[in-house]
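The block underneath contains the structure these notes are about, expressed in structure tokens.
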Amino acid sequence: MGGASQDLYEIFGEVIAEYDFLKAFLITVILAFLMYFSAPQIVKMLGREDLLNALRVTLSALGAFLGFIISTAIIEPKRIVEEG
Amino acid sequence: MEIASLLVQVTLLTTFSVLLYIIIGMIPGTDETATIAPITLAFLAAGFDPLLILAWFMGTIVAFKAADAVPTALAAIPGGVMAVPQVPDALVARKHGYSEILLRKGITASVIGTIVAIAITLPLSFSLAPLGDLLKNPAGPLNWPGWVYLIVAGTLLLAVMSKAKILALLAIFPFAMLVQGLRGLYGHSAFISIFLAITVGPILYELLTLISPNNHHLKRKEYARIKLVKTGKISLNPLHHLTKVEVALSSVLAGLSGILATFMSPVGLTVLFGDLVKESQKDELKGSLMAYAVRDAIKNATYIGGTLIPLIALGVPTGPMSAGPAHPFFAELAVFGGSTPRDVLLQRYSTPTIMLVTVYATIFAAVLAYLILIKYSRQLTRFVFKKVPAEALYATFLAIVMVLAYNDAGLAGVFGSILVGLISATFVRNGVSIGILFMVLVAAPYLVGLLF
């Protein structure tokens, strides 16, 4: 769904579209939790079960960051910049 | 770790944090606490070296505080909560066609604030270190550790200085009960999920309003229109940008605020001293330019002083900054065997090493942020406004908070975070400073103990 056909809302001085936010939220949350739950398999493969807790948090933050990059690429910012 | 290899890692980490937080700092609606604390906590909870993360943290502070004033000067839109008091100054400058001059003054003053703060508060922190033991021993009529009296006194002071004094005072015990109640339910003294819920509470509240039928007041028909003013060629020499009086005022007030931020709110100090400077000038434009510069210096100084003095000298969070954005350094983390990153930092490294790395990371971040912002502020603002959607940023911070809350207390931690976030937001939206909620979280076991 394109930004123009969605309901727009102002949150903290920013205009956002509800479906675009939902899309970004699902992408980042799914990627973050996917990485979180895949951590036990990864530490097993590495033979470093002692790193599980540390790696869980790092991987999930990495998942969220990947989600940010993907969301940034597919969602249009709701700002019109007028240059003086 | 060898000093040379440590400094190489610090350089890389600080460069990355400066680049990342210049972009985040420019985006409107990004609150400092909500964007700095979760990532710092994620790094520390993952077991990264506390000294390297302190270097990262100093980079984030310096870059965010310098960058959030750029859209304020160029488009009268604050890049963060701390830049909100600068909007009226920016509007006066714009009216007189002084936006570019304002921009240069702000960026230069933030470098001055950083250098003065690090020069004063870091040596002060080490000389005050013996006070730390005194603050940890139980004493006084309530047999609380000394730091708890300080934080409760700070909470009361901040409450009476809040916009909503009575509500702020009323919030203290109910919020402490909420914290302790959730900890009872979880079966352990959870901190991370509750702390993060406070940081993102105001954003969470607004986003949840989107699924409420009562959201008509938030509906908009068109995209946000942002007017960017023109800038010319800007000199790299910082001496060209500020008057002698502005340099003197920025330095003195940054030094003072850096120390006061141990107990007082950074936003409060920025408003208080900035307004005093503005009122002291008869000429509206002169007063606004001076106040804008001073506020930028104070913003950096309060974040640096409010972190370093409690972190190095006192060892316990004593004010809104150390109980807020810098609190991850005081949290007892499983990855460090239940110790705090602060304790690990002081055990692992000598005083000269900590001083060297902190000074290097902070000054390096200030110079890098200055060069980037003074040269490319307009291009960066245009890039951020045109390319980075707010949806992606809000979603990312919420995802990090959700996963850390789950890691802290399972599914109950996620629902508990929604509860704490909504209650925090209700208080904050009605004029209670978010710093009060952070300080109540830290003192909650002692405050609830008074009720039984």
Side-chain angles (χ1 to χ4, degrees), chain A residues 3-4 6-37 39 50-84, chain B residues 27-31 38-39 41-48 74-75 77-78 99 202-203 206-207 209-211 215 217-230 333-335 378 381-382 384-400 402-404 406-407:
Chain A
Q6 302 179 52
D7 282 338
L8 300 173
Y9 297 91
E10 189 178 326
I11 305 279
F12 278 89
E14 285 277 19
V15 173
I16 67 167
E18 53 185 350
Y19 289 108
D20 277 348
F21 172 69
L22 192 66
K23 209 162 29 179
F25 183 66
L26 287 176
I27 292 169
T28 46
V29 167
I30 289 171
L31 279 173
F33 274 99
L34 203 68
M35 296 292 251
Y36 182 87
F37 289 115
D50 55 318
L51 286 180
L52 177 61
N53 220 359
L55 210 65
R56 244 185 187 156
V57 177
T58 315
L59 284 173
S60 40
L62 194 68
F65 186 65
L66 270 178
F68 172 73
I69 304 277
I70 296 171
S71 312
T72 301
I74 63 171
I75 294 170
E76 178 195 20
K78 315 293 180 291
R79 309 181 191 99
I80 298 168
V81 180
E82 295 167 350
E83 313 215 16
Chain B
I27 299 172
T30 47
D31 167 70
I39 295 181
L41 191 53
F43 277 141
L44 289 169
F48 283 97
L74 294 184
I77 292 173
S99 294
I203 292 177
E206 296 256 318
L207 290 171
T209 311
L210 297 188
I211 49 174
N215 61 15
H217 63 290
L218 293 174
K219 278 200 174 168
R220 295 293 175 269
K221 288 207 161 37
E222 54 181 35
Y223 288 4
R225 285 187 180 276
I226 293 163
K227 286 196 176 90
L228 267 186
V229 295
K230 259 195 183 137
L333 299 176
V335 74
R378 193 166 199 273
T381 308
R382 192 196 299 126
V384 167
F385 281 174
K386 284 190 168 176
K387 300 285 180 204
V388 183
E391 289 94 336
L393 207 79
Y394 292 160
T396 306
F397 291 113
L398 283 184
I400 291 176
M402 273 182 73
V403 87
L404 287 176
Y406 184 86
N407 191 47

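Keep in mind that what you see is a predicted model, and the values were worked out from it rather than measured. So that the names make sense, note that chain A is the first sequence line, chain B the second, and so on, each numbered from 1.
Expressed to the nearest 0.5 Å, how far CG of B:Leu218 lies from CD1 of A:Ile11 amounts to 5.0 Å. Interatomic distance, A:Ser60 OG to B:Leu404 CG, rounded to the nearest 0.5 Å: 6.5 Å. Between the CG atom of A:Leu66 and the OG1 atom of B:Thr396 there is a distance of 10.5 Å, given to the nearest 0.5 Å. Atom-to-atom distance recorded for B:Lys387:NZ and A:Thr72:OG1 is 11.5 Å, nearest 0.5 angstrom. Separation of atoms CG (B:Asn215) and OH (A:Tyr9) is listed at 4.0 Å; rounding is to 0.5 Å.
Pairing each heavy atom of B:Pro389 with each of A:Ser71, the nearest pair is CG-O, 4.1 Å. Scanning both residues, A:Ala32 and B:Val403, for their nearest heavy atoms gives O-CG2, 4.2 Å. Between A:Glu18 and B:Leu210, the shortest heavy-atom contact is OE1-O, 4.4 Å. Between A:Phe21 and B:Ala395, the shortest heavy-atom contact is CE1-N, 3.9 Å. A pairwise comparison of heavy atoms in A:Pro77 and B:Tyr223 identifies O-CE2, 4.0 Å as the closest pair.
Heavy atoms of B:Phe43 lying under 4.5 Å from chain A are absent altogether. Of the two parts of A:Tyr36, only the side chain, counted from C-beta on, holds a non-hydrogen atom closer than 4.5 Å to a non-hydrogen atom of chain B. Neither the backbone nor the side chain of B:Pro38 comes within less than 4.5 Å of any heavy atom of chain A.
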Inset, instruction - Take B:Val388 and A:Phe68, measure what side chain to side chain contact (heavy atoms under 4.5 Å, CB included) needs, and give me the verdict at the end. - result: CA-CA 10 Å; B:Val388 183; A:Phe68 172 73; 4.0 Å; yes
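Each of B:Leu398, B:Ile400, B:Ile39, B:Asn407 has some count of heavy-atom pairs under 4.5 Å with chain A, and the biggest count is that of B:Asn407. Heavy-atom pairs under 4.5 Å with chain B were tallied for A:Ile69, A:Ile16, A:Leu26; the largest tally goes to A:Ile16.
In terms of modelled atom types and a separation under 3.5 Å, the side chain of A:Arg79 and the main chain of B:Val384 share a donor-acceptor contact. Between the side chain of B:Arg220 and the main chain of A:Glu10, no donor-acceptor pair closer than 3.5 Å is present.
Using a cutoff of 4.0 Å between basic side-chain nitrogens and carboxylate oxygens, B:Glu391 and A:Lys78 are scored as salt-bridged.
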